[in-house]
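Here the structure is laid out as structure tokens; the discussion comes afterwards.
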Amino acid sequence: MILLDGKKLSTDIKAELAQAVAQIKAEGGKTPHLAAVLVGNDGASETYVASKVKSCAEVGFESTLIRMAANTTEAELLAKIEELNQNPDIDGFIVQLPLPKHISEEKVVQAIQPQKDVDGFHPINIGRMAKGLPAYISATPYGILQMLERYQIETTGKHCVVIGRSQIVGSPMSILLARKAKIGNCTVTLCHSQTQDIAKFTRQADIIVVAMGVPEFLKGDMVSEGAIVIDVGMTRVPDSSKKSGFKLKGDVDFEAVAPKCSYITPVPGGVGLMTVSSLLQNTLLAAQGKIYAK
Ligand code: GUN
């Protein structure tokens, strides 16, 4: 069993990004600039946004964190998005999800200019991704593709079972793995909350991507020998032995599943870290005008 080491891969990617930024600066170019909007003070969102801002500094990007109160109106947030759309210094920006209930996430996502939508959530980017056109690919699926690529895992002709159909992870992941591409060409089964007997599918899978948010959902008897297991789960569960008061739990019963796998991601230290480095890669693509010409 080989651990898919998100810590090492994301560190490698950040080193590559730092080198690219140094070159841009040496040539007198503009420093890539990512902005993040955080509405309210959800604990997990605070942690994720802080990690994104810190990583920008590590690679030499500029970053701007825009905090807005939990009672911000939808109109106020849409006005801020328009300001960021119009600001030529900002190459890309994200609005951290989830948003407070009184704000429509769909409206917010659609208000972001596709050229600056480095999360890859806008329908234009999702549509372009589905057609195989240049697009920002949302960070978690993009990070998973890069894990498979950098560990030289063959995907062509494999049966991949994706569990979870979220717009952020499961749905784009299923499309990407089915595409005619170097990392892709899989036969994909998309399982979700209404799937009957998920184990029937996972037992037939060469690759399993679990993105449900249900701690330890995938058990040892649901996996065949030699499977590749990618765990996207990151649920906070109480743990009094930790300073923070919680620990992160994946969607995989790691102790039982890992011995059967050829490759598996740990939690923490797997997919989560790749998500941040992928967002930075999208921001560099935005700054360079590589997806949409400037
Ligand atoms: N919430 C959970 N994951 C993400 C992400 O990748 N981007 C944004 N904007 N919000 C999230």
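Counting starts at 1 for both ligands and their atoms, in listed order.
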Open item on the list: Between E58 and K54, does any NZ, NE, NH1 or NH2 come within less than 4.0 Å of an OD or OE carboxylate oxygen?
Closed with: yes

Open item on the list: Quick check on the hydrophobic clustering: are I144 and F217 connected, directly or via other members, by side-chain heavy-atom contacts under 4.5 Å?
Closed with: no

Open item on the list: Just checking K158: does its NZ atom have more than 12 heavy atoms from other residues, nucleotides or ligands closer to it than 6.0 angstrom?
Closed with: yes

Open item on the list: Is it true that, when you exclude K30 itself, more than 12 heavy atoms of the residues, nucleotides or ligands shown sit nearer than 6.0 Å to its NZ?
Closed with: yes

TODO: Decide whether I103 and I81 are clustered together by the hydrophobic rule: side chain heavy atoms of Ile, Leu, Val, Met, Phe, Trp, Tyr closer than 4.5 Å, transitively.
DONE: yes

Open item on the list: Determine whether a donor-acceptor pair (N or O, by modelled atom type, separation under 3.5 Å) exists between the side chain of N87 and the backbone of E83.
Closed with: no

Ligand 1: protein N/O within less than 3.5 Å of ligand N/O:
| residue | atom | partner | partner atom | Å |
| --- | --- | --- | --- | --- |
| ligand 1 | 1 (N) | Q96 | NE2 | 3.3 |
| ligand 1 | 1 (N) | L97 | O | 2.9 |
| ligand 1 | 7 (N) | D119 | OD1 | 3.2 |
| ligand 1 | 7 (N) | D119 | OD2 | 3.2 |
| ligand 1 | 9 (N) | V95 | O | 2.8 |
| ligand 1 | 9 (N) | D119 | OD2 | 2.6 |
| ligand 1 | 10 (N) | Q96 | NE2 | 3.4 |
| ligand 1 | 10 (N) | L97 | N | 3.0 |

